[in-house]
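A quick write-up on the structure given underneath.
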Amino acid sequence: MKFFVDTAEITEIRELNDAGLVDGVTTNPSLIAKSGRDIVEVTKEICALVDGPVSAEVTAVDYAGMMREAAVLAKIADNVCIKLPLTLDGLKACKAIVSDGRQTNVTLCFSANQALLAAKAGATFVSPFIGRIDDIGWDGMDLIGEMRRIYDNYGFATQILAASIRTVNHVKDAALIGADAATIPPGVLRQLVKHPLTDKGLDSFLADWARSGQKIG
Ligand code: E4P
């Protein structure tokens, strides 16, 4: 399973990338606004840090506008993955951008039928928003399960990128159900390594070792 980090904060990306936890990055207009940085500048910096795909999202809602913005974003670096909303114009732009050889991430996916359309448009990644589905009292993980079955039924190469991840259990459940990738907020990514029994076990090993008076090397 690929791990993408869902942020535009350079310090967070650098730290997690240095730990070998980052296969890619996703941003969105809200995350770019939160960073307080210019979209082109910050995306360029992220692309220089990370080898994998870096999703940068268009903000136009019409096909021509999306294609104009996608051309600007694509010039930033070869690993920019163009992120497009799951609308008719977004799907049309997806098809055109993919046929130019550029990766795409179709975002704001909330139903299996939307996911099917995005796969038919040739999307490289489709992002089902798990947390936001849970927020309205449904089960976001059901959508990932449905997508997995549909994509496998027809052999679509489109990758399921679990998004709007809020908890470590979201990551585990998405992995169990067969998501290809998850885009994870930095805080949740750091929590994945934590277990109280690991901390407790390490403390007792170190205490016993100190009592033994030995040293390695
Ligand atoms: C996905 O690419 C989005 O950036 C993100 O996962 C949205 O998450 P949110 O629902 O926490 O805003």
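Ligands are counted one by one from 1 in listed order, and the atoms in each one are counted from 1 as well. If you're wondering where the values come from, they're calculated on a predicted model, not measured in any experiment.
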Any N/O pair [X]/ligand 1 closer than 3.5 Å:
X: Asn105; value: no
X: Thr183; value: no
X: Arg166; value: yes

Check your understanding: Do the side chains of Thr26 and Leu161 get nearer than 4.5 Å, heavy atoms only?
Key ->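 Sidechains of Thr26 and Leu161: in contact.
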Point to revise | Test item: Arg37 and Ile10 side chains (from C-beta on) under 4.5 Å apart, heavy atoms | key: yes
Closest protein heavy atom to [atom], given as residue, atom name and distance to 0.1 Å:
atom: atom 4 (O) of ligand 1; result: Asn28 ND2, 2.7 Å
atom: atom 12 (O) of ligand 1; result: Arg132 NH2, 2.8 Å
atom: atom 7 (C) of ligand 1; result: Phe129 CE2, 3.5 Å
atom: atom 8 (O) of ligand 1; result: Ser164 CA, 3.3 Å
atom: atom 5 (C) of ligand 1; result: Asp6 OD2, 2.9 Å
atom: atom 2 (O) of ligand 1; result: Lys83 NZ, 2.6 Å

Practice item. Any atoms of ligand 1 less than 4.0 Å from a non-hydrogen atom of Ala163? List them with their elements. Key: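 Reading through ligand 1 atom by atom, the close ones are 1 (C), 6 (O).
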Exercise for review: Test Ile46 against every option in Val5, Thr7, Thr27 by the side chain to side chain contact (heavy atoms under 4.5 Å, CB included) rule and name the one that passes.
Suggested key: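 Of the listed residues Val5, Thr7, Thr27, the side chain to side chain contact (heavy atoms under 4.5 Å, CB included) partner of Ile46 is Thr27.
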Review point. Salt-bridged, Glu45 to Arg14, with N to O below 4.0 Å?
Key: no
Practice item. Provide the closest heavy-atom pair for His170 versus Gly131 in the form atom of the first, atom of the second, distance. Key: CE1-CA, 4.1 Å
Study note, to complete from the structure: Closest non-hydrogen contact found for Gln103 with Thr124 is CA-OG1, 3.3 Å
Point to revise | Partner of Asp180 under side-chain hydrogen bond (donor to acceptor under 3.5 Å, both in side chains), chosen from Arg148, Lys2, Gln159 | key: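 Only one option passes, and that is Arg148.
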